[in-house]
A.B. asks: 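Before I ask anything, let me first share the structure, which is written out below as structure tokens.
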Amino acid sequence: MKQRFSRGLVAAAVATVCAAGAHASPARIDADLQRTDLRFVADELLVQFRPGMAAAARDAALKTLGARSAKVLRRAAQDGELHLVRLPQGRAVTDALRTLRAHGAVKFVEPNWIYGTQAAPNDPYYADGSLWGVYGDASPGRKNPYGSQAAEAWNVGKDCSSDVVVGIIDEGVMTSHPDTQANIWVNPFEVAGNGIDDDGNGYVDDVHGWDFVGDDNTTFDGVGDDHGTHVSGTIGAVRNNAEGVAGICGTVKMVNAKFLGAQGGTTADAILAVDYMTDLKTRHGIKLVATNNSWGGGGFSQALKDAIDRQGAAGILFVAAAGNGNLLGIGQNTDKKPAYPASYTSSNIISVASITKKGTKSGFSNYGLTSVDLGAPGSAIWSTVPKNVNGVVTPGYAAYDGTSMATPHVTGAVALYASLHPTATATQIKAAILNSAVPTTSLAGKTVTGGRLDVSGF
């Protein structure tokens with residue numbers, strides 16, 4: 001079984017995986033640009049300059065296009081600067097890519113891909129049988145062998161530690177929902193409302209996280225942030241509080257980096273969101289063990305993969321939705337047709353497929369023997385959402401389908417394992433989750449483990 005885990009669980013394998021794909025392949029990007037199911041910003045590029053390039057050299061490269069740098073996404077002496085570049089009107093992305101690839105100051109250049117959520121609404125909860133995703137074979141009150149088995153863990157006293165933190169990279173998260181409010185992370189290094197960047201990370205008053213769409217500290221902007229709020233409830237809704245649902249990890253703290261808005265989100269903002277989470281751990285020592293990434297839809301991005309690898313180097317797992325299939329909603333084999341970010345070879349990624357309450361693979365769910373790790377409950381999942389009631393945003397609940405819904409079950413499992421095994425490394429946590437997967441017929445030959453999530457043995 002362990003030999004099938006080809007996504008970097010062993011130290012030697014990690015080195016091999018990280019070395020492979022150290023430079024973006026122009027042919028891979030060109031192929032992705034031909035795909036009709038992928039979108040990119042029509043007048044923007046991401047440009048990674050070579051290390052040591054002076055400002056004059058960077059400017060000279062952009063002048064060949066009449067382009068300008070709109071934002072520096074990353075400054076790092078060892079890597080070179082990563083810029084978001086704005087093209088002049090009428091200049092095609094494909095033409096600009098070819099021109100910049102030939103310039104000596106440029107390490108690589110790629111489109112600014114557009115991502116979307118991996119969920120579909122399908123129009124209460126533990127007690128009435130709705131919350132099947134947390135049930136187990138012998139859970140009290142309600143049972144389902146294809147649930148995550150979380151209720152069995154709770155029944156023997158296993159729960160999360162309140163100092164464990166997970167990041168939600170998604171839409172915004174409703175901070176006032178009564179089922180999750182107690183578990184919304186509060187930045188201990190920031191003084192709320194003083195207009196000062198107290199923690200020195202470049203973001204003023206980022207009390208609960210940051211909105212990279214609006215470039216402000218208001219991470220929740222209304223009913224449009226239903227997807228991120230739904231994810232948060234599955235991970236960390238408070239249990240035994242007489243409110244609708246129960247999260248996998250009922251005392252975990254959740255920090256939000258919003259990069260998805262009404263029009264989706266871009267690679268540039270995704271990179272900033274990923275690096276924001278990494279910085280919280282590397283500079284401040286926050287016990288951030290995983291980020292939840294229930295999104296996808298862009299082509300290959302070396303710059304985004306580099307950011308995911310930086311997260312891995314910081315000991316943070318990147319839990320990602322395997323994707324919801326093609327334009328007809330039919331699951332695809334991502335060994336043959338990658339779906340990013342879940343399909344990157346980064347060793348800290350856990351890619352998650354969706355199963356139904358009967359144990360079948362959800363029809364919409366992507367799969368892949370080497371590119372998707374395991375399955376988790378993702379069909380008809382009830383969780384927290386904001387609702388518009390007579391023009392007022394109020395807390396509510398809804399059932400959604402998607403690999404987006406499967407992913408937070410696994411993120412919650414990471415937080416639970418990290419709480420019960422506080423010295424475990426990210427590699428050890430990933431191995432424990434994959435090794436404990438229950439063999440499942442519908443996933444045999446379609447995921448690395450051939451199984452589904454089981455947190456009962458943690």
Side-chain angles (χ1 to χ4, degrees), residues 117-135 142 144 146-148 150-151 154 160 166-184 219-220 222-254 256 258 260 290 292-295 319 321 324 352 354-357 362 364-365 376-388 393-416 453 455:
T117 61
Q118 295 288 1
N122 68 354
D123 350 40
Y125 297 107
Y126 186 98
D128 71 4
S130 299
L131 210 61
W132 74 270
V134 303
Y135 299 158
R142 292 286 179 172
N144 188 309
Y146 300 106
S148 65
W154 306 336
C160 281
V166 297
I168 298 175
I169 301 176
D170 205 290
E171 296 175 346
V173 170
M174 187 177 190
T175 55
S176 61
H177 198 294
D179 224 352
T180 54
Q181 186 174 17
N183 288 336
I184 299 298
T219 53
F220 178 69
V223 293
D225 287 332
D226 59 320
H227 184 271
T229 302
H230 197 281
V231 163
S232 73
T234 299
I235 297 172
V238 176
R239 196 163 62 254
N240 295 325
N241 65 343
E243 295 288 347
V245 299
I248 298 291
C249 209
T251 53
V252 70
K253 295 298 178 282
M254 299 176 286
N256 182 206
K258 176 180 177 176
L260 294 173
N292 190 93
N293 302 275
S294 292
W295 47 275
V319 189
N324 290 351
V352 187
S354 170
I355 62 172
T356 71
K357 64 175 62 178
S362 303
F364 54 76
S365 179
S379 289
I381 303 301
W382 283 89
S383 190
T384 49
V385 294
K387 290 194 170 184
N388 186 332
V393 178
T394 60
Y397 300 89
Y400 288 3
D401 295 320
T403 52
S404 277
M405 285 55 258
T407 304
H409 284 87
V410 177
T411 302
V414 171
L416 179 59
L453 179 68
V455 306

A.B. asks: Hey, are the side chains of D225 and V173 touching, using non-hydrogen atoms and a 4.5 Å cut-off?
C.D. replies: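 The answer is no, as the side chains (C-beta and beyond) never meet within the 4.5 Å cut-off.
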A.B. asks: Looking only at heavy atoms, which two atoms of E243 and P178 are closest? And how far apart?
C.D. replies: OE2-CB, 3.9 Å
A.B. asks: Working to the nearest 0.5 Å, report the span between CG of L260 and CD of E171.
C.D. replies: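 L260 atom CG to E171 atom CD measures 6.0 Å (nearest 0.5 Å).
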A.B. asks: Given side chains that start at C-beta, do those of P395 and S176 come closer than 4.5 Å, heavy atoms only?
C.D. replies: no
A.B. asks: Closest heavy-atom contact between D401 and F364?
C.D. replies: CB-CE2, 3.9 Å
A.B. asks: Are the side chains of N256 and F220 in contact, using a 4.5 Å heavy-atom criterion?
C.D. replies: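 Not touching, per the 4.5 Å side-chain cut-off.
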A.B. asks: Rounded to the nearest 0.5 Å, how far apart are CG of L416 and OG1 of T411?
C.D. replies: 12.5 Å
A.B. asks: Using only atom types and a distance under 3.5 Å, with no angle test, would you say the side chain of N293 pairs donor to acceptor with the backbone of W295?
C.D. replies: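 Such a contact is absent between N293 side chain and W295 backbone.
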A.B. asks: NZ/K258 to CD1/I169 distance, rounded to the nearest 0.5 angstrom?
C.D. replies: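 Going from NZ on K258 over to CD1 on I169, the span is 15.0 Å.
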A.B. asks: I'd like to check M174 versus T180 (side-chain heavy atoms, cut-off strictly below 4.5 Å). Are they in contact?
C.D. replies: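 The answer is no; the side chains never approach within 4.5 Å.
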A.B. asks: Kindly give the heavy-atom pair with the smallest separation between T234 and S383, and that separation in Å.
C.D. replies: N-OG, 3.2 Å
A.B. asks: Within this structure, what is the CG-OG1 distance for the pair N183 and T175, rounded to the nearest 0.5 Å?
C.D. replies: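 So the gap between those two atoms works out to 13.0 Å.
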A.B. asks: Of all the heavy-atom pairs spanning T356 and S379, show the shortest one and how long it is.
C.D. replies: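 Heavy atoms only, the tightest pair is CG2-OG, 3.8 Å.
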A.B. asks: Please verify the inter-ring angle class for Y397 with H177; under 30° counts as parallel, over 60° as perpendicular, anything in between as tilted.
C.D. replies: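 The rings of Y397 and H177 stand perpendicular, inter-plane angle above 60°.
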A.B. asks: Do T407 and N292 have a side chain donor and acceptor closer than 3.5 Å?
C.D. replies: no
A.B. asks: P386 and V223: which non-hydrogen atoms are nearest, and at how many Å?
C.D. replies: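 Distance-wise, the nearest heavy atoms are CG-CA, 3.8 Å.
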A.B. asks: Say you draw a straight line from NE2 of H230 to CD1 of I168; how long is it, rounded to the nearest 0.5 Å?
C.D. replies: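 Output value for this atom pair is 12.5 Å.
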A.B. asks: Taking the side chain as every heavy atom from C-beta outward, state whether V166 and V414 have any atom pair closer than 4.5 Å.
C.D. replies: no
A.B. asks: How long is the gap from OG on S354 to CG on N324, to the nearest 0.5 Å?
C.D. replies: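 Result: 7.5 Å between the selected atoms.
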A.B. asks: Tell me the closest heavy-atom pair linking T229 and S232, and the distance in Å.
C.D. replies: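 Answer, listing the atom of T229 first, then S232: O-OG, 2.6 Å.
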A.B. asks: Identify which one of S365, S294, S362 satisfies the side-chain contact (heavy atoms from CB on, under 4.5 Å) criterion when paired with T403.
C.D. replies: S365
A.B. asks: Just checking, any donor-acceptor pair under 3.5 angstrom between side chains of S404 and T117?
C.D. replies: no
